[in-house]
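Presented below is the structure to which this report refers.
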Protein chains: 2
Amino acid sequence: MQTLSTEDYLKAIYHASQSASGTVATTSIANKIGAKPSSVTDMFKKLSDQKLVKYEKYQGVSLTSEGVKTALRIVRKHRLWESFLVSHLNFNWDEVHQVAEQLEHIQSEKLTNELERFLDYPTHDPHGDPIPNRALFMKSYNKILLTELPLNKEGVCVGVKDNSSDFLRYLDRRQIGIGTPILVLHREDFDQSLHIQAGNSTLMITQKTAENIYIKP
Amino acid sequence: MQTLSTEDYLKAIYHASQSASGTVATTSIANKIGAKPSSVTDMFKKLSDQKLVKYEKYQGVSLTSEGVKTALRIVRKHRLWESFLVSHLNFNWDEVHQVAEQLEHIQSEKLTNELERFLDYPTHDPHGDPIPNRALFMKSYNKILLTELPLNKEGVCVGVKDNSSDFLRYLDRRQIGIGTPILVLHREDFDQSLHIQAGNSTLMITQKTAENIYIKP
DNA sequence: TATCAAATTTAGATTAGCCTAAAAAATATT
DNA sequence: AATATTTTTTAGGCTAATCTAAATTTGATA
């Protein structure tokens with residue numbers, strides 16, 4: 001059984017190793033967790049003793065298969081709870097993260113599995129991220145960034161990269177959400193900004209915005 | 001903001017002061033929490049510094065009004081979650097306590113209030129205990145112990161005193177639950193055991209059982 | 001009331017998770 | 001390649017919540 005804190009570390013390491021390849025650096029985890037690098041080193045040792053990560057001094061860490069499983073169990077709970085908050089408790093997609101960070105630590109297999117059943121076995125959370133099933137398996141459709149969508153090719157928004165409240169609320173105001181059909185009408189060479197059709201409306205978005213929207217072509 | 005542990009203490013003190021009158025003794029809390037009396041003394045001092053309890057050396061503690069509020073906020077969450085687990089997640093009333101002990105510490109007013117709305121403002125949890133509303137007010141109907149119900153007077157089971165899994169499952173087997181109509185047919189003077197009609201069936205229960213069942217006459 | 005037992009508190013230690021400051025290793029730069 | 005910079009680790013402390021053992025207070029009993 002893990003403590004609250006070890007669970008946070010495992011999740012952070014899991015997410016970090018998704019975006020980068022190879023081992024995960026001390027500093028990158030320190031930034032995610034909001035702790036000093038020296039504290040992270042301490043925890044790396046502890047996790048290594050528990051065989052949840054492979055750790056070699058000055059070489060960063062990588063999750064063992066047991067570590068991955070533990071991390072996925074937390075990700076599963078996090079995303080199920082986020083789904084519940086949005087679908088039944090009137091939370092908006094920009095409000096769920098902080099609460100789910102707490103709920104993800106609740107220990108009860110029955111609770112998790114019943115919640116999943118109650119939600120009718122959702123495959124994706126409100127941000128479009130895939131939810132591991134009971135066997136911890138998740139399949140994500142192959143998606144691209146909106147920056148990579150060719151001109152005049154129909155696509156659908158299936159997720160976001162940046163989960164910050166600011167970005168999500170910005171998308172709300174632009175009426176872009178999961179499921180919104182998107183068409184790139186024009187790409188400005190000067191600054192890579194895009195004119196797009198999103199649902200029924202035509203609008204302009206910056207490159208920065210486009211790099212944070214996932215599209216299924 | 002309280003730590004997990006201070007919340008547990010406040011809740012324990014609250015429950016202890018419900019059953020007994022006057023101040024709450026160090027040892028009684030030690031037993032509930034599962035800690036040594038010396039640890040409890042430490043915590044009493046801490047809670048006293050935070051003005052959540054009134055504490056005088058060797059004299060036990062009592063909750064301040066702020067302490068009562070904090071305790072009731074936890075009780076509210078605990079009972080709402082228990083209700084949710086039973087009504088939507090297929091938990092039996094003997095399985096909810098341990099999970100609710102974790103869920104009661106989740107901090108989010110919005111979550112609590114939306115959960116309450118989702119459950120349609122329940123007034124009592126699965127064990128018949130009253131749920132404090134948003135203003136922390138709860139009204140419990142005036143109930144008596146089954147031992148006090150006069151012969152041949154109709155009553156309804158509205159709660160249980162002992163919340164242990166063992167007792168609750170015993171009641172399940174006897175088909176006694178919240179809402180079951182109860183009639184005392186005979187009281188045995190020798191050992192105070194009762195012959196009762198519970199729902200459609202007639203059965204015998206011991207005095208010990210009867211003192212753990214609440215009845216609304 | 002004097003004594004004894006039980007309850008409570010104090011003193012001092014332990015553990016997990018964090019910190020700062022200094023040392024060591026890895027990496028980048030000239 | 002030598003030096004400078006950045007990253008990481010080590011060493012030593014701190015705090016919250018716990019513990020054990022010893023001391024103190026309360027209150028029950030002879």
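Each chain gets a letter, A, B and so on, in the order its sequence line appears, and its residues count up from 1.
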Could you check, using the six-membered ring where one of them is a Trp, whether [X] and [Y] have ring centers closer than 6.0 angstrom?
X         : Y         : value
His78(A)  : His97(A)  : yes
Tyr9(A)   : Tyr14(A)  : no
Phe167(B) : His127(B) : no

Round to a whole Å and report the spacing from [atom1] of [X] to [atom2] of [N].
X        : N       : atom1 : atom2 : value
Tyr9(B)  : dA16(D) : OH    : P     : 14 Å
Asp8(A)  : dG17(C) : CG    : P     : 11 Å
Phe44(A) : dT9(D)  : CZ    : P     : 8 Å
Asp49(A) : dT15(C) : CG    : P     : 15 Å
Asn31(A) : dT6(D)  : CG    : P     : 15 Å
Ile33(A) : dC18(C) : CD1   : P     : 8 Å
Asp42(A) : dC14(D) : CG    : C1'   : 13 Å
Leu4(A)  : dC18(C) : CG    : P     : 10 Å

Count the heavy atoms of every other residue, nucleotide or ligand shown that sit under 6.0 Å from CD of Gln98(B), and state whether that count exceeds 12.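 Not more than 12 within 6.0 Å, no.
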For the NZ atom on Lys216(B), are there more than 12 heavy atoms of other groups (residues, nucleotides or ligands in this structure) within a distance under 6.0 Å?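 No.
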Whether [X] contacts [N] is assessed here as follows: a side-chain N or O lying under 4.0 Å from the phosphate OP1 or OP2. Is that the case?
X        : N       : value
Thr3(A)  : dG17(C) : yes
Lys57(B) : dT26(D) : no
Lys46(A) : dG17(C) : yes

Given [options], which nucleotide is nearest the side-chain atoms of [X]?
X        : options                   : value
Thr41(A) : dC18(C), dT10(D), dT24(D) : dT10(D)
Lys36(B) : dT9(D), dC19(D), dT25(D)  : dC19(D)
Lys45(A) : dT10(C), dA24(C), dT10(D) : dT10(D)
Pro37(A) : dT9(C), dC18(C), dT9(D)   : dT9(D)

Name the nucleic acid region contacted by Tyr55(B), choosing base, sugar-phosphate or nothing; use a 4.0 angstrom heavy-atom cut-off, strictly under.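 Here Tyr55(B) touches the backbone only, sparing every base.
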With sugar-phosphate meaning primed atoms plus P, OP1 and OP2, does Ser39(A) contact a base, only sugar-phosphate, or nothing at under 4.0 Å between heavy atoms?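 Ser39(A): base contact, heavy atoms under 4.0 Å.
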So for Ser38(B) and dT20(D), does any side-chain atom that can act as donor or acceptor lie under 3.5 Å from a complementary atom in the base?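 Looking at the base of dT20(D), it does pair with a donor or acceptor on the side chain of Ser38(B) (distance under 3.5 Å).
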